[in-house]
Every structure is written in structure tokens, then in C-alpha cells.
There are 2 protein chains.
Amino acid sequence: MTAPVPDPAPAPAAAPVRVLLADDEHLIRGALAALLGLEDDLVVVAEAATGPEALAMARAHRPDVAVLDLQMPGADGVTVATVLRDELPGCRTMIVTGHGRPGHLKRALSAGVRGFVPKTVSAQRLAEIIRTVHAGNRYVDPELASDAIAAGDSPLTAREAEVLELSADGAPVTEIARRASLSPGTVRNYLSSAAAKLGAENRHTAVRLAQAKGWV
Amino acid sequence: MTAPVPDPAPAPAAAPVRVLLADDEHLIRGALAALLGLEDDLVVVAEAATGPEALAMARAHRPDVAVLDLQMPGADGVTVATVLRDELPGCRTMIVTGHGRPGHLKRALSAGVRGFVPKTVSAQRLAEIIRTVHAGNRYVDPELASDAIAAGDSPLTAREAEVLELSADGAPVTEIARRASLSPGTVRNYLSSAAAKLGAENRHTAVRLAQAKGWV
DNA sequence: CGCCGTTTCTGACAAATGTCATGGCGTCAG
DNA sequence: CTGACGCCATGACATTTGTCAGAAACGGCG
């Protein structure tokens with residue numbers, strides 16, 4: 001007469017998934033750690049509040065899955081993921097972000113990130129996605145994916161993007177030219193062609209558009 | 001032989017604090033609700049993901065304290081707080097924000113908000129602050145407060161701020177003039193004086209500075 | 001009332017920026 | 001090799017923007 005209730009201790013035969021949590025917002029990190037800890041097949045082995053700290057923690061604890069916030073002090077989530085891919089190939093990485101721009105997803109995927117989700121998902125859903133990623137599969141939020149597809153690839157050449165980025169803080173052309181070691185006329189040409197490609201009237205709106213698409 | 005453990009039901013003599021939670025990031029909201037629910041003198045009676053939803057929930061459940069995210073779809077936290085002050089005077093409001101700008105704090109305080117904290121605090125700390133606010137006291141994060149004091153008041157006149165805000169998206173002067181029903185020359189003068197007051201070289205850097213201080 | 005100062009507005013001029021045509025240079029595919 | 005393409009630069013020109021001197025409207029104030 002064996003009870004139908006499952007044995008509480010070794011119910012999942014496999015070892016639990018070891019998770020690293022990196023987010024600069026203590027409120028979220030702590031709350032998330034608590035909620036994920038409720039899942040009996042997940043265990044949070046380390047937390048970090050900055051990019052460098054996340055790297056140090058990953059090296060020390062060698063987690064199975066690293067859950068990284070996109071925007072952190074020191075180094076952003078994608079940068080951390082890039083380093084982790086080289087240093088800890090066995091560690092899967094995934095990005096959690098508040099407001100993801102299309103370009104970020106592309107950057108993340110080319111950095112070997114296997115999961116990309118917005119913070120609007122529930123903790124339950126996040127736990128499922130962590131399992132998916134740990135199993136070696138990929139998951140990207142459908143809405144973010146469709147945004148990325150709609151945005152397409154950047155039409156800008158490397159120099160155009162570089163110059164556009166330098167003009168992001170509103171510096172005058174001569175200043176941009178100095179910083180890029182280019183002739184002022186060249187800078188104006190690049191900015192002009194970049195604005196034309198983006199359908200913007202001037203470089204400032206061009207910068208905004210490019211930033212919105214995540215191309216800078 | 002009474003057991004020393006406290007009676008689970010009516011341990012706190014006072015009624016629990018009824019809390020409304022409004023944040024567009026489901027992950028945070030759910031996790032927060034779970035953590036605050038662990039405190040036996042706090043109870044989360046409603047959750048909302050947008051500004052209008054927060055208002056509707058507040059009207060329906062009449063919470064003691066409303067914890068509002070600063071950036072939400074529909075209406076931001078300060079706007080919601082302004083409406084709540086008129087409609088539900090008994091409801092204390094507080095703002096939780098990811099990256100708060102100095103000007104936001106000033107706006108929030110003049111909207112009757114009694115608590116202003118960044119998301120870098122722990123859930124434990126947040127619970128304490130909710131109690132503080134419920135008791136009728138105020139609490140603002142020391143770092144945010146010092147930032148606000150350092151930033152000071154806006155040196156811009158009403159028109160200067162208005163025109164600067166219209167130029168925020170990089171629109172040309174003629175477009176701004178049309179939207180503000182002003183002469184293009186007048187717009188240029190306002191932008192020029194605003195840039196001078198802010199120590200900026202042109203209106204675009206001026207916009208960035210003003211946004212960083214929360215003056216627009 | 002006249003005087004003063006502030007805000008709001010305008011026009012004229014100078015500087016910065018956007019646009020276009022043009023050309024040299026290097027690289028890569030066919 | 002040739003042609004296509006991206007990169008860097010120059011000069012001329014139109015447009016936009018920044019700067020300045022000052023005028024009209026308005027509200028105190030003696």
C-alpha cells in the first residue's frame with residue numbers, strides 16, 4: 001500500500017540545475033533567488049550585481065546556467081556572455097532585460113546566448129525557460145523576436161555606425177572628426193549618408209532611430 | 001502549559017497593512033508580492049501592470065499603501081500618485097524606480113508621494129520602508145536625495161523648458177516653432193539661452209543635460 | 001503718469017551643418 | 001584584369017542653427 005504522494009527528497013533523479021543570477025537591482029535579484037529556490041530542480045549558487053562580479057562568481061562557482069541582466073554596471077550582459085563562452089563552454093547563458101532593443105538580441109545570439117526574455121514574464125515561466133536552456137535548447141521571447149525580424153539588419157557601414165555613435169552626445173562635427181581622426185568633411189558625408197539610410201532628417205534623429213533599433 | 005510559540009492567527013494586534021503593487025515587469029511584481037507576503041504585518045491586496053490598471057485596482061481595493069513603479073505604460077507612477085492623492089486621501093503612495101533622475105524626486109514629492117527608493121534596495125528594506133510610509137512618515141533614498149540637492153532647481157523659464165522638450169527628438173527648428181506656435185527666431189533664442197544656462201554648446205547636448213537632471 | 005525690469009518676440013548677421021559632385025586608394029570576386 | 005564596393009578626402013553651395021541687438025507687451029512702483 002504505497003502512498004501516491006511523491007517522495008519529497010530525491011524525486012528528480014537528475015542533479016539540480018546550478019544557476020548564477022546577475023542583476024544590479026537588489027530587489028529583483030533577491031526576490032528572484034527566493035522564487036527560483038522554491039523549484040526543487042533549481043538551485044541558485046551565486047549572485048552578482050555588476051558585470052565583473054558576475055564573471056568572478058562564474059569562475060568560482062561554475063554554474064550550469066548564467067541568468068544575466070542586459071544592463072549592469074561595469075560590463076553588460078552580452079559582454080559577460082561573450083567571455084563566459086570562451087572561459088566556461090559548459091555554462092549556458094541567458095539574458096533577462098527590461099526593455100530590449102532589436103539589435104541587442106542579434107548581438108546576444110552571436111555571443112552564444114541561448115535564452116533572451118523580457119522581465120514581463122512570470123517567475124514560473126522563467127524557471128521553465130531556465131530548464132529549456134539547460135537542456136541545450138534555445139528560447140527567445142516571441143515578441144522580441146518579431147521586433148528583431150521587423151527591424152532587420154543595420155544598413156550602416158562600419159564607419160557610418162562609428163561616426164554616428166560618436167555624434168550621439170551632440171558633439172559638433174569638428175570634435176567628432178578629431179576623435180575619429182577623420183576630416184570634418186568626411187564626417188559630414190558619413191553622417192549624411194547614415195541619416196539618408198535611416199530616413200532621418202538630420203543626424204540627431206538618425207542617432208535616436210539607430211539607438212531605438214539597437215544598431216549603435 | 002501554554003506553548004511559547006506565538007498564536008499564528010492574531011499575533012500582530014494591529015490589522016495588516018494592505019498594499020497595492022504596480023510594476024510593468026511581471027517578474028519583479030510577482031516576486032515582490034511573494035516576498036512581501038512573507039511579512040506577517042503586510043498583505044498584498046492588488047497588483048497592476050499599467051498606470052490605468054493601478055488606478056482601477058486602487059479604487060476597487062482601497063489599499064493603505066500604493067507601491068508604484070516610476071515607468072509604466074499608460075501613466076507613470078507620479079501621475080498615478082497625483083490622482084490617488086485626490087481620490088483616496090487615506091492611501092499613502094510611494095515610488096520605486098530603477099534609475100531615478102533628480103527632477104523626478106521633486107515632481108514626486110510635490111505629488112504627495114511619501115517614499116522614493118531605488119530598486120537596488122533589498123526586499124527586507126522595502127518592507128521596513130512600507131511600514132515607515134504607512135505610519136505617516138516620509139522616506140527618500142539618501143543617494144537620490146543628495147543627487148536632487150546637488151542638481152538644484154531648474155534655471156530654465158517655462159518657455160525655455162517647453163521649447164527644449166519639443167526639440168528633444170531632434171526635430172528642426174521650424175518644426176518646433178510650428179508645434180509651439182512661435183516664430184522660428186524666437187525658438188532659436190530660447191534654445192540659445194537655455195543652452196547657455198546649462199553650459200552646453202548646442203541644444204542637443206543641452207537636451208541631454210536637462211534630461212539627466214530630470215528638468216524636462 | 002513715467003520709469004524700470006522681465007518676459008516674449010523679431011530680424012540681421014555669422015557659424016555650423018547638410019548636400020552634392022568628384023576623385024584617389026585599397027580589396028575582393030568573377 | 002576589370003568592375004564593384006567601401007573608405008577617405010576635397011570643394012562649392014544651400015540650408016539650418018547660433019548669436020546678438022533691440023522692440024512690443026506687461027506688471028509693479030514711485
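Quick note on labels: first sequence line is chain A, next is B, and so on, each numbered from 1. As the structure is a computational prediction, the values presented were derived from the model and not from experiment.
- With rounding to whole Å, B/His204 atom NE2 is found 9 Å from C/dT17 atom P.
- Distance from the side chain of A/Ser192 is smallest for C/dT19 among the nucleotides D/dT19, D/dT10, C/dT19.
- Separating the NZ atom of A/Lys197 from the C1' atom of C/dT19 is a distance of 16 Å, rounded to the nearest angstrom.
- Among the protein residues, A/Thr157 comes within range of the sugar-phosphate backbone only, with heavy atoms under 4.0 Å from sugar or phosphate atoms but none that close to a base.
- The two residues B/Leu198 and B/Pro155 make their nearest non-hydrogen contact at CD2-CG, 4.3 Å.
- Atoms CD (B/Glu162) and P (C/dT8) sit 10 Å apart, rounded to a whole Å.
- Remark: C1' of D/dT16 and CZ of A/Arg188 are 13 Å apart, rounded to the nearest angstrom.
- Note on B/Leu191: nothing from the nucleic acid sits closer than 4.0 angstrom, heavy atoms only.
- Rounded to an integer number of Å, the gap from A/Glu160 CD to D/dC5 C1' is 13 Å.
- Across C/dG18, C/dC9, D/dC8, the shortest atom-to-atom separation from the side chain of A/Tyr190 is found for D/dC8.
- Taking atom CD of B/Glu201 as the reference point, atom P of C/dT17 lies 9 Å away to the nearest angstrom.
- Contacts of A/Arg159 with the nucleic acid, taken as non-hydrogen atoms under 4.0 Å apart, involve only primed sugar atoms and P, OP1 or OP2.
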Subject >> Residue pair A/Glu162, A/Arg159: steps toward the salt bridge (Lys or Arg N to Asp or Glu O under 4.0 Å) verdict >> reply: CA-CA 5 Å; A/Glu162 179 189 346; A/Arg159 301 296 173 194; 3.3 Å; yes
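- Note: CG (A/Leu198) to C1' (C/dG18) measures 15 Å, nearest angstrom.
- Across all strands, B/Ser183 comes closer than 4.0 Å only to sugar-phosphate atoms, never to a base (heavy-atom distances).
- Looking at A/Asn189, its side chain has no donor and acceptor atom pair within 3.5 Å of the base of D/dC8.
- Rounded to a whole Å, the CG atom of B/Leu182 is 10 Å from the P atom of C/dT8.
- Atom NZ of B/Lys197 has more than 12 heavy atoms from other residues, nucleotides or ligands within 6.0 Å.
- One finds the CZ atom of A/Arg125 at 7.5 Å from the OG1 atom of A/Thr132 (value rounded to the nearest 0.5 Å).
- Considering B/Thr97, B/Val96, B/Leu70 in turn, B/Val96 is the only one that fulfils the side-chain contact (heavy atoms from CB on, under 4.5 Å) rule with B/Lys119.
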